[in-house]
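Right, one structure below, let's go through it.
Counting starts at 1 for both ligands and their atoms, in listed order.
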Amino acid sequence: MIRAGDQRIRREKMARLIEDRGIKHAGVLKAMSDVPREKFVEEALTNRAYSDSALPIGEKQTISQPWIVAKMTELTRPDGKGKVLEIGTGSGYQAAVLSSLFDQVYTVERIPDLSRRARKTIRDLGIENVHFKIFDGTYGWGEFAPYRAIVVTAGAPDVPATLVDQLEDGGRLVIPITTDHKGSRDEDEDQTLTVLTRRRGRNIRESHGPCRFVPLVGKYGWER
Ligand code: SAH
């Protein structure tokens with residue numbers, strides 16, 4: 001049994017490492033040192049909750065590495081307002097981090113068990129502005145669009161136009177895209193963390209370095 005106080009010390013240390021690696025946004029750093037990551041991993045792994053690595057969460061899926069969670073959150077340019085959509089709820093950890101930085105968080109997961117578990121974890125923490133949906137997230141969540149930001153936490157073959165359509169003007173889509181090395185893409189290839197900003201109907205695309213995510217599976221993602 002690890003005491004809550006020890007976990008807090010580990011969490012604050014993790015937030016300092018993240019800051020050393022270039023994350024500057026004060027709200028993001030605060031969220032990283034507030035959200036109890038150990039609640040989002042299986043009990044047997046709580047000891048490793050604050051190592052800077054991805055960990056299994058069942059169903060062949062993973063909770064993302066803390067640094068990439070912080071990076072993707074910072075890339076949304078959060079200012080405490082507006083709605084954010086997350087595709088790939090997984091453990092719910094990224095959604096919990098987003099919940100203190102946006103008014104409302106909408107999160108979509110295709111695997112029912114993961115979504116239900118994430119909902120329980122988040123409710124048990126007393127977080128009430130996260131809304132869950134079990135569906136193929138490559139369709140987005142049209143009912144609450146447009147969003148100020150959309151974060152996709154699974155690797156896509158390309159930018160799904162469905163998601164771009166659900167961004168408000170000036171909105172940002174943060175998404176890992178498979179790097180096209182040889183013209184023949186597959187879901188095991190490297191990915192590039194990509195930000196697409198929608199501005200007056202034009203899309204501006206920037207790259208933010210390599211990353212590694214499980215595949216985005218669905219109608220506008222990978223097939224299997
Ligand atoms: N954000 C998560 C990590 C997600 S891992 C966290 O903080 O723990 C990626 C998740 O994306 C997996 O749970 C996977 O099932 C989900 N996923 C993959 N394709 C999807 C799709 N089309 N729609 C919704 N979720 C999807």
Side-chain angles (χ1 to χ4, degrees), residues 11 14 18 28 31-32 34-42 45-46 48-76 84-102 105-122 125 127 130-142 144 147 149-163 166 173-178 187-188 191 193 211-224:
R11 185 156 67 242
M14 173 191 82
I18 287 168
V28 175
M32 297 301 294
D34 283 349
V35 177
R37 183 168 161 92
E38 73 273 15
K39 303 276 195 256
F40 295 84
V41 303
E42 285 162 31
L45 296 172
T46 50
R48 288 167 59 200
Y50 293 103
S51 64
D52 196 25
S53 54
L55 294 170
I57 55 172
E59 312 276 350
K60 294 200 202 131
Q61 307 302 326
T62 53
I63 176 172
S64 311
Q65 172 195 7
W67 183 79
I68 199 83
V69 172
K71 180 75 185 168
M72 292 178 94
T73 307
E74 186 171 66
L75 287 171
T76 66
V84 61
L85 173 67
E86 179 196 26
I87 310 303
T89 311
S91 69
Y93 178 68
Q94 170 84 68
V97 169
L98 290 165
S99 73
S100 64
L101 295 158
F102 286 85
V105 181
Y106 297 86
T107 183
V108 186
E109 170 59 56
R110 62 187 280 272
I111 301 177
D113 264 7
L114 290 179
S115 178
R116 288 191 203 108
R117 244 191 289 154
R119 180 197 296 258
K120 179 166 190 324
T121 311
I122 288 194
L125 289 173
I127 300 170
V130 180
H131 312 277
F132 298 83
K133 178 171 165 138
I134 299 167
F135 202 65
D136 172 1
T138 65
Y139 290 94
W141 192 345
F144 299 102
Y147 300 95
I150 301 177
V151 179
V152 181
T153 62
D158 217 327
V159 175
T162 40
L163 297 183
Q166 293 180 18
L173 170 63
V174 182
I175 181 170
I177 299 288
T178 298
E187 69 256 31
D188 292 327
Q191 299 157 0
L193 186 55
C211 59
R212 196 85 203 104
F213 282 85
V214 298
L216 180 73
V217 177
K219 170 87 168 141
Y220 305 104
W222 298 103
E223 257 176 36
R224 73 145 197 94

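Heavy-atom contacts of Thr89 reach the following atoms of ligand 1: 1 (N), 2 (C), 6 (C), 8 (O) (cutoff under 4.0 Å). The contact set between ligand 1 and Ile111, taken as ligand atoms under 4.0 Å from a residue heavy atom, comprises 15 (O).
Atom 23 (N) of ligand 1 has its closest protein heavy atom at Gly137 N, 2.7 Å. The protein non-hydrogen atom at the shortest distance from atom 11 (O) of ligand 1 is Gly88 CA, 3.2 Å. Scanning the protein heavy atoms around atom 22 (N) of ligand 1, the nearest turns out to be Val217 O, 2.7 Å. The shortest contact between atom 25 (N) of ligand 1 and any protein heavy atom is with Arg110 N, 3.3 Å. The protein heavy atom nearest to atom 5 (S) of ligand 1 is Thr62 O, 3.1 Å. Scanning the protein heavy atoms around atom 9 (C) of ligand 1, the nearest turns out to be Thr153 O, 3.3 Å. Among all non-hydrogen protein atoms, the one lying nearest atom 13 (O) of ligand 1 is Glu109 OE1, 2.7 Å.
Geometric assessment of Arg37 against the ring of Tyr50 yields a negative cation-pi assignment under the 6.0 Å and 45° thresholds.
In this structure, Val97 has no heavy atom closer than 4.0 Å to ligand 1. The closest approach between a heavy atom of Phe135 and any atom of ligand 1 is below 4.0 Å. For Glu86, the closest heavy-atom approach to ligand 1 falls below 4.0 Å. Note on ligand 1: Ala118 sits outside its first shell, no heavy atom being nearer than 4.0 Å.
For ligand 1, none of its N or O atoms has an N or O atom of Leu216 under 3.5 Å away. Between Ser91 and ligand 1, at least one N/O pair is under 3.5 Å apart. Any N or O atom pair closer than 3.5 Å counts here, and Ile57 shares no such pair with ligand 1. Checking only distances, Val214 never comes within under 3.5 Å of ligand 1, N or O to N or O.
Applying side-chain hydrogen bond (donor to acceptor under 3.5 Å, both in side chains) to Gln94 and the options Thr73, Thr89, Thr153, Thr107 leaves one that passes, Thr73.
Contacts between Val69 and ligand 1, counted as non-hydrogen atom pairs separated by less than 4.0 Å, are absent for every part of the residue. With a 4.0 Å cut-off on non-hydrogen atoms, Pro215 touches ligand 1 through its backbone and not its side chain.
In Lys133, the NZ atom is crowded: over 12 heavy atoms of neighbouring residues, nucleotides or ligands sit closer than 6.0 Å.
Here the shortest heavy-atom pairing between Gly155 and Trp222 reads O-NE1, 3.1 Å. Gly140 approaches Leu85 most closely through the heavy-atom pair CA-CD2, 4.1 Å.
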### Task
Carefully, step by step, assess Leu101 and Thr76 under the rule side-chain contact (heavy atoms from CB on, under 4.5 Å).
CA-CA 10 Å; Leu101 295 158; Thr76 66; over 6 Å; no
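Proximity of a side-chain donor or acceptor of Trp141 to a complementary backbone N or O of Ile87 within less than 3.5 Å is not detected. Between the side chain of Thr162 and the main chain of Thr138, a donor-acceptor pair closer than 3.5 Å is present. Of the possible donor and acceptor atoms, one in the side chain of Gln166 sits under 3.5 Å from a partner among the backbone N and O of Tyr139. A donor-acceptor distance shorter than 3.5 angstrom exists from the side chain of Glu109 to the backbone of Gly90, with no hydrogens or angles considered.
Comparing heavy-atom distances from atom 14 (C) of ligand 1 across Gln94, Gln65, Gln61, Met72 singles out Gln61 as nearest.
At a threshold of 4.5 Å between non-hydrogen side-chain atoms, the residues Leu45 and Phe40 do not count as touching.
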